[in-house]
Each structure stands twice: as C-alpha cells, then as structure tokens.
Amino acid sequence: MPEFAEVELARRLWAAGLSMRITSVEAHPGTRIFRDGSARAIASALTGAELLASRAHGKRLLFTFSPPGAPGSSRAATHLEVHLGMAGRLFPAPAGYQAGRHDHLLLRGRSLALVFSDYRQFGRLVLHRDPDPWAALPPQPLDPGFNLPHLARLTSRQPRRALKALLLDQAAFPGIGNWMADEICWRLPCHPATPAGRVDPALLRRIARRVCRGAIRHVADRNAIRHGINGFSPGRYVEHVPPPAWLFRHRWKPGGRCPRCGSTLARSTIASRSTAWCPFCQPPQPPQA
DNA sequence: CATCATGTTATAAT
DNA sequence: CATTATAACATGAT
C-alpha cells in the first residue's frame, strides 16, 4: 500500500519511540520479511539499543540505533532499513501488546512497543552496519535537487518510455507508486502512455511536487494528528484520504467518473500496472515529438 | 472459485 | 544493450 505519504506516516508513527531503549525484541523467523538477513541477527543487534533517528526516502525507511550497551561504546551505530512492500505497516502499541499473526517484528521499550506488521510479506527488513548506508540516493520530488534540469534529464533520457513507467521508476520518482502516478498523469493532464519525451519537464515537476505535498497533507499530517504519538491506535491503513477533487477517490469505483469533467474513467494495464485515466481529459498521444 | 490489490525482483522475450 | 512483459511472492477482500 505504501507510497510516499504513507511511508512518511509510518516513519512518524515509529518516531514515537525516539530515544527509547529497546528492552526486548520479538522477530518471527522464517517469514519472507527477513529474506535479506536473519531475524536473529536483527534481534540481537537491536536488543539493548536506543532508537536515535528516523529517515524516509521514497518508499524506504531507515531507523538508526545506538550500539547495544553503554552509550560510550565505540561500536558503530546500527541501521534498520524497512520497506513496507504492498501491505506493510508500522505503528506504536502499548507496552504489553501481544503480537498478532502478521506482526513480524516487535521492539519493546519501557513505555511502548514498535510493531512491524505485513500480512502479505512483500515488505522487508534489512540490517546495515555501514556508517551511512544511504550515501547516494536520487533526489525526491520535494528535495531541492528535483529541479528543472533534473526533470529535463529524466524526460529526455528515454523519450519513448511511457510516462507512467517513468513515474513508477523509483530511481526517477522515489516514493511515487501506482495511485500517485495516476494522480499526476490526470493532473498534467496526460494519457499515462504518453512518451516521456513529449511531456513538459517543468509542468511535470510542478505537478509531481504538488501531488506529493497534497498527499503528505491529507495522508500523513492528518492521520498523524489523529493518531497522536500516544494514541497507539494502529487504526485502518487510511482514515484520512485526499478530497473528492482528486482522482484517487474515484479511480477504482466501478463506473467512477472524472472529478473534473464527469466522464466515465477508463482503465487498463499500462506499464504492467492497472491504470485509470479520464478518456476526455487525457486523450492518447501519438508517439512523436 | 476467480479476480484483483498503494510493490519489487528475477527471468524471459522483444 | 535497452525496454517491456510475465511470474512469483502471501494474504485478504470482493
């Protein structure tokens, strides 16, 4: 499920445990979540550690922990990288929370527990020992480096590539997923199969940034306020969603209509993902610049 | 029972 | 080599 804004929300929810010392760790071994390492290695690295920092980049999360034991220890910090896959969630829970069937990692502290839950197990947890495992990452849509020359490079690099495929490329648009990609295409407005070379890079930059900011406001900010850091209620995945003026609210409803012109939305598979668009606002474009 | 789902990756095909 | 399609992953909702 998680795209840019849901990932940011997940980061904020686990940030409820900042400066908390992990007294015990429960990690279900044998699930795919730990396929890049081992549940035991994570448990032993984090037991006794303190949560120092959290970062998010695109759909990825990085939580930094002190080395287990004394604060003055010379051992390097440990980083836990989290990817939520299609159905992963992070949430804070009461200290005595009992792990459910799909809760794969619990970090227990004195006052609360941090939980990673993922019923589909497409997510993953990876341990990093490097001082900076995120040394070189592409600019995100809201970063300063996401400027016009950068966008011009993205659209001209592979001019024949479908716009939607470019939007889903995490090296180009970190954090953009299936619903945000459709939202951006709809607002441009461009048919999702439009060749990237035909898209105005300045417009693409502006709309992508606008959709990201809106998603943060509607999905991360409001849910974080509602949950509160002491609320603990994991709640449903999305309680607050973008308003009805967004394509998001209509795209999967049978007979859903374009919020702008009222046309019945079209849908089919583009860039191997199911895609919705307005046939009137986003007519197909011939593959030529 | 069949289909689909806010994602990634390995592999095959073009 | 580069782009694109497909299958696989595990579970729940419709």
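All chains are named by letter (A, B, ...) in the order of the sequence lines, taking the proteins before the strands, and each is independently numbered beginning at 1. All values below come from the heavy atoms of this structure, side chains included, with hydrogens, waters and symmetry mates left out.
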Legend entry - Test side chain to side chain contact (heavy atoms under 4.5 Å, CB included) applied to A:S54 - qualifying residues, sequence neighbours left out: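 A:R11, A:A15, A:F63.
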Inset, instruction - Establish, yes or no, whether the cationic atom of A:R251 lies under 6.0 Å from the six-membered ring centre of A:W186 and within 45° of the ring axis. - result: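 The answer is no; the distance or angle limit is not met.
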Legend entry - Pair A:K59-A:E3, salt bridge (charged side-chain N to carboxylate O under 4.0 Å, His left out): steps then yes or no: CA-CA 6 Å; A:K59 296 173 186 169; A:E3 300 182 21; over 6 Å; no
Legend entry - Separation between the C1' atoms of C:dC1 and B:dT8, rounded to whole Å: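 My reading of the C1' atoms in C:dC1 and B:dT8 gives 23 Å.
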Spacing of [X] atom [atom1] relative to [N] atom [atom2], expressed in whole Å:
X      : N      : atom1 : atom2 : result
A:K59  : B:dT9  : NZ    : C1'   : 13 Å
A:F122 : C:dA8  : CZ    : P     : 12 Å
A:F4   : B:dG7  : CZ    : P     : 14 Å
A:E6   : B:dG7  : CD    : C1'   : 12 Å
A:D36  : B:dT8  : CG    : P     : 14 Å
A:I33  : B:dG7  : CD1   : C1'   : 12 Å
A:L168 : B:dT8  : CG    : C1'   : 12 Å
A:R124 : C:dA10 : CZ    : P     : 13 Å

Distances for protein N/O vs nucleotides 12-14 of chain C N/O pairs under 3.5 angstrom?
| unit_1 | atom_1 | unit_2 | atom_2 | d |
| --- | --- | --- | --- | --- |
| C:dG12 | OP1 | A:R101 | NH2 | 3.0 |
| C:dG12 | OP1 | A:H102 | NE2 | 3.0 |
| C:dG12 | OP2 | A:R101 | NH2 | 3.2 |

Inset, instruction - Convert the base pairs of DNA chain C into dot-bracket notation, remembering that pairs crossing earlier ones are written with [ ] and that bases paired across to another strand are shown as |; include only Watson-Crick or G-U pairs under 3.5 Å. - result: .||||||||.||||
Taking every non-hydrogen atom, the tightest pair across [X] and [Y]:
X      : Y      : value
A:Q140 : A:H57  : OE1-CA, 3.2 Å
A:A45  : A:L127 : CB-CD2, 3.7 Å
A:T194 : A:H191 : OG1-O, 2.5 Å
A:V219 : A:P242 : CG2-CD, 4.1 Å

Which part of the nucleic acid does [X] contact within heavy-atom distance under 4.0 Å: base, sugar-phosphate only, or nothing?
X      : value
A:R60  : nothing
A:S274 : sugar-phosphate
A:R35  : nothing

Inset, instruction - Counting heavy atoms from C-beta on, name the nucleotide in B:dA5, B:dG7, C:dA10 closest to the side chain of A:R32. - result: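 Of all the options, the side chain of A:R32 is nearest to C:dA10.
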Polar atoms only, N or O, under 3.5 Å: list the protein pairs with nucleotides 2-4 of chain C and their distances.
| unit_1 | atom_1 | unit_2 | atom_2 | d |
| --- | --- | --- | --- | --- |
| C:dT3 | OP1 | A:Q158 | NE2 | 3.3 |
| C:dT3 | OP2 | A:Q158 | NE2 | 2.8 |

Inset, instruction - Before accepting this row, confirm whether a basic side-chain N of the pair A:D169/A:R161 lies closer than 4.0 Å to the acidic partner's carboxylate O. - result: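 Yes, this pair counts.
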Inset, instruction - Could you tell me whether A:D221 and A:R12 make a salt bridge, using a distance below 4.0 angstrom between a side-chain N and a carboxylate O? - result: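 Yes, A:D221 and A:R12 are salt-bridged.
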Inset, instruction - Verify the neighbour count for atom CZ of A:R35: are there more than 12 heavy atoms of other residues, nucleotides or ligands below 6.0 Å? - result: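 More than 12 within 6.0 Å, yes.
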Legend entry - Exceeds 12 heavy-atom contacts within 6.0 angstrom, atom CZ of A:R160: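 Open.
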Legend entry - Pair A:F173-A:F4, ring pair (Phe, Tyr, Trp, His ring centres under 6.0 Å): steps then yes or no: CA-CA 10 Å; A:F173 291 82; A:F4 184 66; over 10 Å; no
Inset, instruction - May I have the step-by-step check of side-chain hydrogen bond (donor to acceptor under 3.5 Å, both in side chains) for A:H128 and A:E81, ending in yes or no? - result: CA-CA 7 Å; A:H128 293 283; A:E81 177 161 349; 2.9 Å; yes
Inset, instruction - Measure the shortest side-chain to side-chain distance between A:L203 and A:L188 over non-hydrogen atoms and say whether it is less than 4.5 angstrom. - result: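 Yes. Closest side-chain heavy atoms under 4.5 Å.
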Inset, instruction - Check whether any side-chain N or O of A:H83 sits under 4.0 Å from OP1 or OP2 of B:dT8, and answer yes or no. - result: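 Yes, because at least one side-chain N or O of A:H83 sits under 4.0 Å from OP1 or OP2 of B:dT8.
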Legend entry - First encountered from the 5' end of DNA chain B, between A:Q170 and A:T275: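 Counting from the 5' end, the first nearest nucleotide belongs to A:T275.
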Inset, instruction - Kindly say whether, by distance alone, the side chain of A:R120 makes a donor-acceptor pair under 3.5 Å with the base of B:dA5? - result: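 Side chain to base: pair present.
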Legend entry - Other ILVMFWY residues reachable from A:W252 by side-chain steps of under 4.5 Å: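 Other cluster members: none.
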Any N/O pairs under 3.5 Å between the protein and nucleotides 11-14 of chain B? List them or say none.
none

